[in-house]
Amino acid sequence: EGDVDEDDPDRAIQHALVVGDFKGAVEHCLLAGRLADALVLAHAGGSELWSKTLSECLRRNCHPYRKVMTAVVSHDIKNLVDSR
């Protein structure tokens, strides 16, 4: 009963949450490609986890607006404008 099925992201995430392991839950979300869930859980897990998760989600984003979004989120519009 204490075993966690690592092949079932839902169970792994749920188990991590039940035992209060926000970092583990975020890691399982990221492995499953559930970036929005990872961000929500990271927010609940504290500022350090939030910062690391946000950086990872931005890194994984391959949309054309990635640089603009990253600049907006990091409050670094000036460097974005200067680089264009």
Side-chain angles (χ1 to χ4, degrees):
E1 181 177 25
D3 295 330
V4 177
D5 184 359
E6 296 294 326
D7 294 328
D8 182 354
D10 291 326
R11 286 181 58 103
I13 294 164
Q14 184 174 2
H15 180 270
L17 290 173
V18 167
V19 299
D21 180 9
F22 287 103
K23 182 179 178 186
V26 167
E27 289 172 0
H28 287 296
C29 287
L30 291 172
L31 286 171
R34 299 176 183 181
L35 304 185
D37 291 347
L39 288 168
V40 169
L41 295 174
H43 184 267
S47 61
E48 183 178 341
L49 183 58
W50 166 256
S51 294
K52 288 180 180 180
T53 306
L54 178 60
S55 293
E56 178 61 19
C57 289
L58 290 172
R59 186 190 68 76
R60 290 183 182 202
N61 183 322
C62 59
H63 298 292
Y65 55 84
R66 174 184 169 197
K67 287 182 180 181
V68 174
M69 183 173 61
T70 300
V72 169
V73 169
S74 64
H75 306 287
D76 195 18
I77 298 292
K78 182 176 180 346
N79 279 339
L80 177 69
V81 171
D82 290 346
S83 71
R84 293 194 172 227

Of all the heavy-atom pairs spanning [X] and [Y], show the shortest one and how long it is.
X     : Y     : value
Ala38 : Val26 : O-CG2, 3.6 Å
Phe22 : Ala44 : CE2-CB, 3.8 Å
Cys29 : Asp37 : SG-CB, 3.8 Å
Ala16 : Ala25 : CB-N, 3.5 Å
Asp21 : Gly24 : OD1-N, 2.8 Å

Review point. Side chains of Asp10 and Arg34: closer than 4.5 Å at any heavy-atom pair?
Key: yes
Spacing of [X] atom [atom1] and [Y] atom [atom2] [to the nearest 0.5 Å]:
X     : Y     : atom1 : atom2 : result
Arg66 : Arg60 : CZ    : CZ    : 12.0 Å
Leu35 : Asn61 : CG    : CG    : 8.5 Å
Glu27 : Leu49 : CD    : CG    : 8.5 Å

Any chain of hydrophobic side-chain contacts (each under 4.5 Å) joining [X] to [Y]?
X     : Y     : result
Leu30 : Leu41 : yes
Val68 : Val81 : yes
Trp50 : Met69 : yes
Leu39 : Tyr65 : yes

Exercise for review: Give a yes or no on whether a salt bridge exists between Glu56 and Lys52, defined as a side-chain N under 4.0 angstrom from a carboxylate O.
Suggested key: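 Looking at Glu56 and Lys52, the cut-off is not met.
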